[in-house]
There are 2 protein chains.
Amino acid sequence: MRIVVADCTVDYDGRLTAHLPLATRLVMVKADGCVAVHADGGAYKPLNWMNAPNYLTEEDDRWVVTNPKGETLTILFHAVHFETAMEMGEDPGLQKDGVEAELQRLLSETPWEIEPGLVLIRREYPTPIGPVDLLCRDADGVAVAVEIKRRGEIDGVEQLTRYLDFLNRDDRLGPVRGLFVAQAVKPQARTLAEDRGITWTEVDYDHLRGIDSPVLRLF
Amino acid sequence: MRIVVADCTVDYDGRLTAHLPLATRLVMVKADGCVAVHADGGAYKPLNWMNAPNYLTEEDDRWVVTNPKGETLTILFHAVHFETAMEMGEDPGLQKDGVEAELQRLLSETPWEIEPGLVLIRREYPTPIGPVDLLCRDADGVAVAVEIKRRGEIDGVEQLTRYLDFLNRDDRLGPVRGLFVAQAVKPQARTLAEDRGITWTEVDYDHLRGIDSPVLRLF
DNA sequence: AGTTCCATGTCGCGG
DNA sequence: CCGCGACGTGGAACT
């Protein structure tokens with residue numbers, strides 16, 4: 001990794017055109033070739049960047065970074081205050097837990113937590129426009145398409161609506177109703193769901209994790 | 001800004017739980033207090049971060065960053081290879097050009113470039129669920145709701161559909177048809193639009209900018 | 001390679 | 001502060 005702190009101007013020309021007036025900034029070049037220009041504030045996102053793969057050409061006081069799509073990032077150095085480079089080696093990478101996939105796994109194992117009497121038919125039930133998270137049958141024997149989101153927003157309701165259009169076109173399953181599940185369902189999503197006859201429910205992630213805990217699994 | 005290069009492990013506990021095994025990384029602390037942990041690769045995004053506002057507590061070999069939402073980022077330093085700090089001052093900020101707002105402005109001034117004979121009634125025409133980009137009237141006097149996107153994808157068609165539902169509920173405008181405009185309309189979006197009787201068109205941004213140029217404005 | 005969908009999305013604007 | 005939509009979204013998974 002290479003670090004340069006310098007007074008510079010920066011121009012990006014690609015999907016849009018952007019310009020940074022002269023100021024002191026940090027320029028970071030990583031081993032994979034990606035370049036990022038950071039100001040001393042404004043969250044972790046750089047002001048400007050160019051992801052790998054790209055080509056970096058260095059002239060006296062000017063770097064030009066070009067990528068295969070023809071986008072360019074031009075850094076004009078007026079004064080370099082500090083510069084260093086170091087080897088850092090490979091990174092073993094980030095271990096994550098608690099994302100949507102986990103929520104889907106938990107609910108597929110305890111569908112009754114979504115709605116009493118609900119029974120799983122299949123997880124990731126395929127349709128021509130993508131898989132439905134859970135396909136279930138309710139206490140009355142009616143097929144239920146379940147869409148699971150961490151946050152329940154309007155997009156998720158639209159997605160479920162498209163699935164239901166398809167599922168109700170062929171009659172192998174009989175009529176299919178929709179059930180929208182999230183840790184929190186936004187007011188707009190609630191309204192849209194209700195308007196379309198889609199049921200919505202909120203579930204508690206920590207509660208589900210408790211049910212799934214190794215202690216309870218002993219029984 | 002403060003830069004530390006060190007062998008460290010990192011744990012994030014918040015919206016999810018994440019762990020970084022021991023490796024050499026760069027830790028950046030900006031003037032606004034935000035903290036970012038970078039590996040030497042993997043694009044501009046840090047492996048872990050904590051945005052401002054937050055509190056940083058430093059013990060011997062451990063930093064704990066806490067934010068008001070109760071999320072924590074814990075960095076355990078095993079060996080510090082390099083450390084520095086510098087003043088960079090305020091950044092004048094990024095000047096952008098070429099985004100959706102600009103496209104909307106250009107098209108509102110030249111609606112005939114969308115479709116011959118099209119005349120603007122109002123920009124940002126209000127509906128209960130948000131403003132329609134452009135409300136126009138076509139050569140036959142029929143009202144046209146125009147949705148403008150930089151990239152024409154399925155979401156935009158859904159959005160326009162919702163507007164049309166509302167506009168066609170009250171009959172002050174008479175029947176309203178939809179027109180979906182983007183620099184490029186994806187195949188799926190085309191299909192969905194056509195299926196719903198919505199016209200779609202692609203426009204060339206550079207061409208529109210040419211029309212809008214100061215030279216032509218002299219006439 | 002093209003497409004879809006998730007994300008600790010982030011960011012900015014308006015109510 | 002929340003809601004909502006754009007973003008140079010980026011990135012991964014899957015076809």
Side-chain angles (χ1 to χ4, degrees), chain A residues 10-18 34 36-37 42-52 54 65 67-73 93-94 96-104 124 126-131 133 147-151 153-156 158-159 162 184 186-192, chain B residues 10-19 34-37 42-52 54 65 67-73 93-94 96-104 124 126 129-131 133 147-151 153-156 158-159 162 182-183 186-189:
Chain A
V10 184
D11 285 279
Y12 164 76
D13 189 23
R15 278 167 282 185
L16 59 73
T17 311
C34 74
V37 180
Y44 72 75
K45 201 176 175 180
L47 292 164
N48 257 318
W49 69 93
M50 185 73 81
N51 283 346
N54 61 44
V65 192
N67 76 3
K69 278 182 274 185
E71 301 174 332
T72 59
L73 185 72
L94 188 64
K96 285 186 182 184
D97 178 31
V99 280
E100 183 183 311
E102 179 71 359
L103 197 59
Q104 190 194 111
E124 300 282 352
T127 80
I129 52 166
D133 287 342
E147 176 65 30
I148 300 166
K149 292 282 175 204
R150 198 167 52 75
R151 293 180 314 179
E153 294 175 17
I154 214 160
D155 283 8
E158 297 287 14
Q159 196 179 336
R162 291 196 292 273
K186 293 271 169 84
Q188 281 217 344
R190 294 180 185 194
T191 308
L192 186 65
Chain B
V10 184
D11 285 279
Y12 165 74
D13 189 23
R15 279 166 283 186
L16 58 73
T17 310
H19 173 73
C34 74
V35 181
V37 181
Y44 70 77
K45 198 176 175 173
L47 293 163
N48 258 318
W49 69 91
M50 185 74 80
N51 281 347
N54 62 42
V65 191
N67 76 5
K69 278 181 277 186
E71 302 174 331
T72 59
L73 185 72
L94 188 66
K96 284 187 183 183
D97 180 30
V99 280
E100 183 183 311
E102 179 70 0
L103 199 58
Q104 193 195 110
E124 299 283 355
I129 51 167
D133 287 342
E147 177 65 32
I148 300 166
K149 294 281 178 207
R150 198 170 52 76
R151 294 181 314 181
E153 294 174 16
I154 213 159
D155 282 9
E158 297 285 15
Q159 195 179 336
R162 291 197 294 272
Q183 288 180 277
K186 291 272 170 81
Q188 280 218 345

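Convention: sequence-line order gives letters A, B, ...; per-chain numbering from 1. Note that the structure is predicted; figures quoted are calculated from it, not measured. Side-chain atoms are counted along with the backbone in the values below, which use heavy atoms only and exclude waters and symmetry mates.
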Partner residues of A:Thr191 under the side chain to side chain contact (heavy atoms under 4.5 Å, CB included) criterion, sequence neighbours left out: none
Contacts of type side chain to side chain contact (heavy atoms under 4.5 Å, CB included), residue A:Glu153, not counting sequence neighbours: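 Applying side chain to side chain contact (heavy atoms under 4.5 Å, CB included) to A:Glu153 gives A:Arg151, A:Lys186.
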Separation of [N] [atom2] from [X] [atom1] (nearest whole Å):
X: A:Lys186; N: D:dC1; atom1: NZ; atom2: P; value: 16 Å
X: B:Ile154; N: D:dA6; atom1: CD1; atom2: P; value: 15 Å
X: B:Gln159; N: D:dC7; atom1: CD; atom2: P; value: 12 Å
X: A:Glu153; N: D:dA6; atom1: CD; atom2: C1'; value: 14 Å
X: B:Glu102; N: D:dC7; atom1: CD; atom2: C1'; value: 16 Å
X: B:Gln104; N: D:dC7; atom1: CD; atom2: C1'; value: 16 Å
X: B:Glu158; N: D:dC4; atom1: CD; atom2: C1'; value: 17 Å
X: A:Asp133; N: C:dC6; atom1: CG; atom2: P; value: 8 Å

Residues forming a salt bridge (charged side-chain N to carboxylate O under 4.0 Å, His left out) with B:Glu71, sequence neighbours excluded: B:Arg15
Contacts of type side-chain hydrogen bond (donor to acceptor under 3.5 Å, both in side chains), residue B:Asp155, not counting sequence neighbours: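 Expected list: none.
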Test item: A:Asp133 side-chain N/O and A:Ile148 main-chain N/O as donor-acceptor pair under 3.5 Å: yes
Protein-to-nucleotide contact annotation, 5' to 3' order, nucleotides 8-15 of chain C [B base; S sugar-phosphate only; - none; under 4.0 Å, heavy atom]: BSSS----
Separation between the P atoms of D:dC4 and C:dT8, rounded to whole Å: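 It comes out at 22 Å once rounded to the nearest Å.
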Lys/Arg N to Asp/Glu carboxylate O, B:Glu158 vs A:Arg162, below 4.0 Å: yes
